[in-house]
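See below for the structure under consideration.
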Amino acid sequence: MLLVAFVALSLCLYAASPVKAAFPDCVNGPLASNPVCDTRKDPITRAKALIARFNTTELVANTVNSSPGVPRLGLPPYEWWNEALHGLAANHGVKFTSSGNFSFATSFPQTILLGATFDDPLVKSVATTISTEARAFNNAGRAGLDFWTPNINPFRDPRWGRGQETPGEDPFHVSQYVLNLIDGLQGGIDPQPYFKVMADCKHLAGYDLESSGGVSRHSFNAIITTQELSEYYLPSFQTCVRDAKVASVMCSYNSLNGPPACADPYLLQTILRDYWGFGEDRWVVSDCDAVSDVFATHHFTSSIEGAAAAALKAGTDVNCGSTYSANLIAARNEDLITNTDISNALVRQYAGLVRAGYFDPANVQPYRQLGWSDVSTSAAQTLAYTVAAEGMVLLKNSGNTLPLKAGLKIALIGPLVNATVAMQGNYFGNPPFLISPLAGAVAAGYSVTSVLGATTSGTDSSGFAAAVAAAKAADAIVYVGGLDNTVEAEGLDRTSITWPGVQLNLIQSLATVGKPLVVVQFGGGQVDNTVLKSNAGVNSIIWAGYPGQSGGTALFDIIRGKVAPAGRLPITQYPSTYTSHVVMSDMNLRPNTATGNPGRTYKWYGGETVYPFGAGLHYTTFALAFQTTPAATYSIATLVANAGSAPFLDLGVFDVFNLNVHNTGTVASDFVSLLFVTSTAGPAPHPLKELISYSRVHAVAAGATATTQLKVTLGSISRTDANGSAWLFPGSYTLSLDVPQQLTHAFTLTGTATQLTNFPLPPS
Ligand SMILES: *[C@@H]1O[C@H](CO)[C@@H](O)[C@H](O)[C@H]1NC(C)=O
Ligand SMILES: *[C@@H]1O[C@H](CO)[C@@H](O)[C@H](O)[C@H]1NC(C)=O
Ligand SMILES: *[C@@H]1O[C@H](CO)[C@@H](O)[C@H](O)[C@H]1NC(C)=O
Ligand SMILES: *[C@@H]1O[C@H](CO)[C@@H](O)[C@H](O)[C@H]1NC(C)=O
C-alpha cells in the first residue's frame, strides 16, 4: 500500500526516462573490431587489448566508480557502484522504475537475521535469487554487473551501527556465510567462463567503528595484533578471496597499524594478492572517498596527488570518488606513478567485466536471457519469508506463553508496530510489499488494537496511559520495539546498549497489567534485556532483527505457532555495563586487566551474559546423540598427512561427526546444531570456546529423529600463534554441542605441534 502511493506520485515525473544501452556493442558498434571482443582469448589478454587503446586522458578518467567509458572506441559509461546487501538496493548504478516492470525487487531480511538462521544452503539460495534479479535489472540497463556486497567484518562490538549488515560476531560463522553467499552471487566458485555477477568483500580490514568516543572511521588507526588480525579480523576475507574466489575487495576507511588500508601494500599486495592469491583479473575498490581520506583525514601523505599515488601503487584499482580522476595526472607529472600503474589497475577491473560477460553477445552469454519475469517470483517471495521465519530467535517463553491462541484480542503496542521500511534495516531497495507487524497480526486472525505508546528513542511518556488502557482491554499484549535506523546505522554507533528512549519504562508498565506479555525486539545489535528476563510480568521475548518484506507475517506465524522458532543469536547479548569497560576503538579481543577490557565475543568475554551467543529456545525439546562414539585420540602427523590432498592444509578434514537430533517434545521444529571446541592447548590465554561446525535440520516431527553431519576442518581446531600462523597443538580438547551445552566429548591430539599456515609477517 505504501508503495502504491509512492508510485502514483512519481509516475508522471519519471515514466519517460530513457534506458541507456546496457552493454558495449561487440557485434555492430565501433568496438566490434577491438580484440576485447575476441571470446577465444582469456580475460586479462582481452582487457589489456582494450586498455592499450586508451590515451592518458581516457586512462585516468576511467579509474573512478562513475566511469565515463571511451566514446571514441564505442565503450559505454559504467557505474561500478551497485549495492545488493539483502536484495537489490536503490541508488548509484541500480535504477528502479517508478512503476510497472523493474519498479521493485525482492527485499530479504537484513543480514544479521540471515546469520541467525545458521542455514548455509539458505544463504546460497538467497544469493542465487539476488544475482538472478540483479542480472535481470542489468539486462534492462538498470544495474551494473558488480555489487559492493557483502560486509564481512565480524560484529566485534555491540555498539557498531553496521553490525546489522553482517551475519554476526563469530569468524567461522562469517566465513561460512561468505563462502555460500559468493557461490550464489557469482554463480559458482570461480565459475567458467562467466561470473553471474561480481561480488565485493568489504571492508579490508579492521573496520567496525563509525564514530565513537571522538574517534571517526575516517581517521581511526586500528591497532590490531598480528595474532588477532589473522585469527579474528581476516578469516572471512581469506575464505572470500582464497576459497570463494570473489571478483573484488573493498579497502576500508581506517588505518591498520599505521597505513590507511587503501594505501597499505602489506594488506593489498602481501596478504591479498601474494598470500591469498587474488588474481590479476580481480580488482580492489576504495570505500567512498577513502583515497581522499589518505591525505585529508589520515595525513598519511603531504598532498592529495600523493594520496592518489600511494593508493594506486598499493593496489587500490577503482576509486569510489573522484580523487584519482582529479589527481593522477598531477601524480604522474610529479613522477609518483607511471601510465603503466594506471593501466594495470584498469586491466584488473576490465578483466572483471570480461569475466562477467559484459562484452559478449546474447548468443554466447547465458545470463542475457533473464528479464522482469525472473524478478520477485513467488519462489523469491517465499524465500524472503523463510529467512525471516527461520532467523527469529525465541529468548524467553515462561510458562509456554507462546504460541498465543488463535482469535485472541491483542493489544499491539510499541514504536515499531507499524514498521514497514524500518524492517529493511539499511542498504535496501523497493520491495514488492512490506507487511508490518500490525498487518501480520491482523492477517493471522487476531483482533488487534494498536498503540505506539512511545517513539523508538524519544523521551515522551505521554502515550503510556493509552497503551496501558489498550493492554487492560486485551487478552494478551504484544510489544514491538527495539532499535531502528534512528539509533543504529552507517555513521551511527550506539553510545549505550540499553533499550533506547523510554521503551523499557513502557514495557515495565505493561508488565504490571497482568496479561500475557510478549516483547518483540527489533534491531541488528542487541539491547540489554536483564530486567525483562527477570521480570515475571514479561512472559516471552523474541528477537526479530530487521525481518524484511514479509516481517509481519513471519513474526505472527511464530507468535501463533504456525512456525516453530529455531533461530540462534549470532551475537552475544551483554549487560549494559559492558560498554563502560571497553571503548570501541580498543580492538583487542582478549581480556586485559590493565585496560579493563573484559574480553570480546563469546570466545573471550567470561563475564555474565544476558543471553549468550547461540541462545535460542524452541516450542519443543531436543536430545542430541553422536551416532557412533567419536575417536578419543587423533595423531597430528596422520591428520596432516591425510590433509595433503586439500588445497590448503587448514581446509583438510579433521573429522565428520554424525549426529542424531531427536525431537522429544510435541511440536515439529527445525533445530540448529552448534558444535564448539574448548582446549588449553597452544599459546595462552586460551579462548573460552570456539564454534567449529554447525548445521540446521528442518521440520523434525514430534518424536522423530533427524540425522545431520558436522564436518570439522583442521583449521577449526588449530590455534594461531603471535605471528598469525595456525598450528595443531598436542593436548586435551573437549567438543561441546548446543547452547546451553547438552553433549560433550573429550579427545586428545597426540604428536608434535605442527604448523598449518604461514601468515606473512607485517613489515618491521
Ligand atoms: C584522448 O582522446 C580524447 C578523445 O577521446 C581527447 O579528447 C583527448 O584530448 C585525448 N587525450 C590525449 C592526452 O591525447
Ligand atoms: C513487463 O514484463 C513482462 C514479463 O517479462 C512482459 O511480458 C511485459 O511485456 C513487460 N511490460 C513492458 C511494458 O515492458
Ligand atoms: C498504523 O498504520 C495505520 C495505517 O497507516 C494507521 O491507520 C494506524 O493508526 C497506525 N497505528 C498506529 C498505532 O500508529
Ligand atoms: C615470530 O617470528 C619471529 C621472526 O621470524 C620469530 O623470531 C619468532 O620466534 C616467531 N614467533 C613465534 C611465536 O613463532
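In listed order, ligands and their atoms are each counted from 1.
Distances below 4.0 Å separate heavy atoms of Trp372 from the following atoms of ligand 2: 1 (C), 2 (O). Each of the atoms 1 (C), 2 (O), 3 (C), 4 (C), 5 (O) of ligand 1 lies under 4.0 Å from some heavy atom of Glu58. Near Asp721, meaning under 4.0 Å from any of its heavy atoms, are these atoms of ligand 4: 14 (O).
Atom 11 (N) of ligand 4 is flagged as protein-proximal [any protein heavy atom, distance under 4.0 Å]. At least one protein heavy atom sits closer than 4.0 Å to atom 2 (O) of ligand 2. Within a 4.0 Å radius of atom 14 (O) of ligand 1, the protein has at least one heavy atom.
By the 6.0 Å and 45° rule, Arg156 does not stack over the aromatic ring of Tyr232.
Annotation: the span from Asp25 atom CG to Leu31 atom CG amounts to 8.0 Å, rounded to 0.5 Å.
Among the candidates Phe428, Phe433, Trp372, Phe137, the single residue satisfying the ring-ring contact (aromatic ring centres under 6.0 Å, His included) test with Phe104 is Trp372.
Of the charged side-chain nitrogens involved, at least one lies within less than 4.0 Å of a carboxylate oxygen, so that Lys313 and Asp341 count as a salt-bridged pair. A salt bridge does not link Glu228 to Lys603: none of the charged nitrogens lies less than 4.0 Å from a carboxylate oxygen. By the 4.0 Å N-to-carboxylate-O rule, Arg719 lies close enough to Glu690 to be salt-bridged with it.
What sits closest to atom 9 (O) of ligand 4 on the protein, heavy atoms only, is Asn723 ND2, 4.7 Å. Asn101 ND2, 4.2 Å is the protein heavy atom nearest to atom 6 (C) of ligand 2. For atom 5 (O) of ligand 2, the closest non-hydrogen atom on the protein side is Ser373 N, 3.7 Å. In terms of protein heavy-atom proximity, atom 4 (C) of ligand 4 is closest to Leu761 CD1, 3.9 Å.
Between the side chains of Ser67 and Asn62, at least one donor N or O lies within less than 3.5 Å of an accepting N or O.
A side-chain donor-acceptor contact under 3.5 Å links Glu133 to the backbone of Ser376.
The shortest N/O to N/O separation between Asn55 and ligand 1 falls below 3.5 Å.
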